[in-house]
Engineer: 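Have a look at this one.
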Amino acid sequence: NNNIELKAINKTYQKSKNSTDNQVVVHDNFNLKINSGEFVALMGPSGMGKSTLLHLIGGLDKPTSGQVIIGGEQINNLNESQLTRWRADNIGFVFQSHHLLPVLTAQANVELPLALTHLNKSQRKHHAATALSLVSMADRAKHFPKELSGGQEQRVAIARAIVSDPKILLCDEPTGNLDRKTADEILSLLAKLNKEYGKTIVMVTHDLKAAEYASKVINLETYTYDLKAHNVQEARL
Ligand code: ADP
Ligand code: ADP
């Protein structure tokens, strides 16, 4: 199981380093369960803590208190090097801006996450080629990012996110920089990775149409959690 569980999460940020009185409580006793194989759209106004939740689930940040449990493992107790290893095995990240390295080809960008694995060069090439065909970019493998369209760059970024075969994909505004048609193509691709390849997807988005691709929409503004039933009360927009 790769269920994602957030239990009694408190997340408080310090606004500035030299101050104790200006704390921002972003989440207070927040609970969430996302089952393996779900495609969840996290929505709601800016500042509600959506990106913060992605960072907690992906082990990029830790809660002030509470538990982050992924696939039965409590990851908020891992140290930094354990977390780095855990992330590499379990999580793929997709961001609004693709963060591809301009000096590397699509193929080389996708191979990057495999650099620190035990895989040899030819295995890395093979895995990257497989990931690129999965996102329909096999014929662009030798292209550099600047030779690709925005949608194609995002496809390569998705290939890089899935090249290690993580079970969970975390996407932060993956269509934020794209026109409607291209956004729909990227959303269809994410839906395919969810349905056909079993990826659990948690996607932060402001795109109302993205909700149509997700299997569940959680709007943080109206979200409540039934602790007894252990169930998210879904909020359709
Ligand atoms: P959303 O993704 O819903 O827009 P965020 O999770 O980005 O919300 O941010 C929630 C709140 O936490 C905002 O008020 C933001 O300013 C604050 N915040 C986020 N990250 C930090 C940080 N690293 N340091 C201080 N405050 C932060
Ligand atoms: P976007 O433009 O899509 O919002 P950002 O560069 O703002 O992308 O990244 C969103 C968050 O994810 C930031 O808090 C950043 O620290 C973090 N982040 C970005 N790239 C990576 C990465 N490769 N690995 C881990 N965290 C990352």
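In listed order, ligands and their atoms are each counted from 1.
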Engineer: Can an N or O of Gly49 be found at a distance shorter than 3.5 Å from an N or O of ligand 1?
Structural biologist: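 In this structure, Gly49 places an N or O atom under 3.5 Å from an N or O of ligand 1.
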Engineer: Verify the cluster assignment for Phe39 and Leu53: are they in a single hydrophobic cluster under the rule of side-chain heavy atoms below 4.5 Å apart?
Structural biologist: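 Phe39 and Leu53: separate clusters.
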Engineer: Should the pair Phe95 and Phe93 be assigned to parallel (<30°), tilted (30 to 60°) or perpendicular (>60°) ring geometry?
Structural biologist: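 Phe95 and Phe93: parallel rings.
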Engineer: Please write down residue, atom name and distance for the protein heavy atom closest to atom 24 (N) of ligand 1.
Structural biologist: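 In this structure, atom 24 (N) of ligand 1 has Tyr13 CD2, 3.5 Å as its nearest protein heavy atom.
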Engineer: Tell me whether Leu83 shares a hydrophobic cluster with Val202, the cluster being built from Ile, Leu, Val, Met, Phe, Trp, Tyr side chains joined at under 4.5 Å.
Structural biologist: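 Yes, it is one cluster - the side chains of Leu83 and Val202 are joined through contacts under 4.5 Å.
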Engineer: Considering only protein heavy atoms, which is closest to atom 2 (O) of ligand 1, and at what distance to one decimal place?
Structural biologist: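 Going by distance alone, atom 2 (O) of ligand 1 is nearest to Ser51 N, 2.8 Å.
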Engineer: Have a look at Leu53, Thr52, Val26, Asp61 and point out the one with the heavy atom closest to atom 12 (O) of ligand 1.
Structural biologist: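 The residue whose heavy atom sits nearest atom 12 (O) of ligand 1 is Val26.
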Engineer: When you measure from the centre of the six-membered ring of Tyr213, is the NZ or CZ of Lys209 under 6.0 Å away and within 45° of the axis?
Structural biologist: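 Not satisfied by the 6.0 Å and 45° rule.
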Engineer: Which of the numbered atoms in ligand 1 are under 4.0 angstrom from any heavy atom belonging to Pro45?
Structural biologist: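 In order of number, 3 (O).
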Engineer: If we ignore angles and hydrogens, is there a donor and acceptor under 3.5 Å between the side chains of Asp165 and Tyr197?
Structural biologist: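 Side-chain D/A pair, Asp165 to Tyr197: absent.
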Engineer: Can you tell me how far apart CD1 (Ile4) and NZ (Lys167) are? Round to the nearest 0.5 Å.
Structural biologist: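 Between atom CD1 of Ile4 and atom NZ of Lys167 there are 13.0 Å.
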Engineer: Which atoms of ligand 1 have any heavy atom of Ser46 under 4.0 Å away?
Structural biologist: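 Contacts of ligand 1 toward Ser46, numbered from 1: 4 (O).
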Engineer: Yes or no, since that's all I need: does a protein heavy atom fall within a distance strictly under 4.0 Å of atom 22 (C) of ligand 1?
Structural biologist: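 Yes, there is one.
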Engineer: Under 4.0 angstrom from atom 16 (O) of ligand 1, is there any protein heavy atom?
Structural biologist: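 So far as the 4.0 Å threshold goes, atom 16 (O) of ligand 1 is out of reach of every protein heavy atom.
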Engineer: Roughly how far, to the nearest 0.5 Å, is OG1 of Thr175 from CG of Asp184?
Structural biologist: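 Here the rounded value is 8.5 Å.
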Engineer: Are any of the N or O atoms of Gln14 closer than 3.5 Å to those of ligand 1?
Structural biologist: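 N/O-N/O distance under 3.5 Å: no.
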Engineer: Which residue owns the protein heavy atom closest to atom 10 (C) of ligand 1, what's the atom, and how far is it?
Structural biologist: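 Ranking protein heavy atoms by distance from atom 10 (C) of ligand 1, first comes Gly47 O, 3.5 Å.
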